[in-house]
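To start, the structure under review is shown below, and the notes come after it.
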Amino acid sequence: MKYIETQILPSLGHAEVRIIARTPEAARAVAEALRGCFAGTEQRSYPGLDGDTRLHLTVDTAASAGPAGRTPAGAGVHSDEI
């Protein structure tokens with residue numbers, strides 16, 4: 001049987017996010033993408049059991065940090081695309 005972690009729920013309008021990635025860079029990239037959509041707290045990182053990285057952060061789902069789905073510079077339609 002798998003152990004299920006029990007903890008207090010975040011306050012209304014907030015969500016706890018757990019990111020597990022092979023490298024710290026990958027975990028940070030996902031956290032940055034979330035911060036582009038939601039206001040959030042400072043991330044907390046922990047070493048994983050198998051050498052992976054575990055990153056935790058709390059996001060405020062009621063407060064937007066900016067336009068969701070922003071297109072990175074240079075990622076739009078190219079001149080050879082119709």
Distance in Å, I8 CD1 paired with E16 CD, rounded so as to fall on 0.5 Å steps: 11.0 Å
Exercise: identify the closest heavy-atom pair between A31 and L55: CB-CD2, 3.9 Å
Rounded distance (nearest 0.5 Å) linking atom CZ of R35 with atom CG of L57: 6.0 Å
Residue pairs passing the ring pair (Phe, Tyr, Trp, His ring centres under 6.0 Å) test where at least one lies in residues 42-61, sequence neighbours excluded: Y46-H56
Atom of F38, atom of V59 and distance for their closest heavy-atom approach: CB-CB, 3.8 Å
Contact summary for A27 and A21, nearest pair of heavy atoms: N-CB, 3.7 Å
Residue list, salt bridge (charged side-chain N to carboxylate O under 4.0 Å, His left out) with R22, at least two apart or on another chain: none
Heavy-atom pair of closest approach, residues T61 and A15: CG2-CB, 4.2 Å
Beyond-backbone contact of R18 with I20, side-chain heavy atoms, under 4.5 angstrom: no
Interatomic spacing from CG in L12 to CG in D60 - rounded to 0.5 Å: 10.0 Å
R28 side, atom CZ; T23 side, atom OG1 - distance, nearest 0.5 Å: 8.0 Å
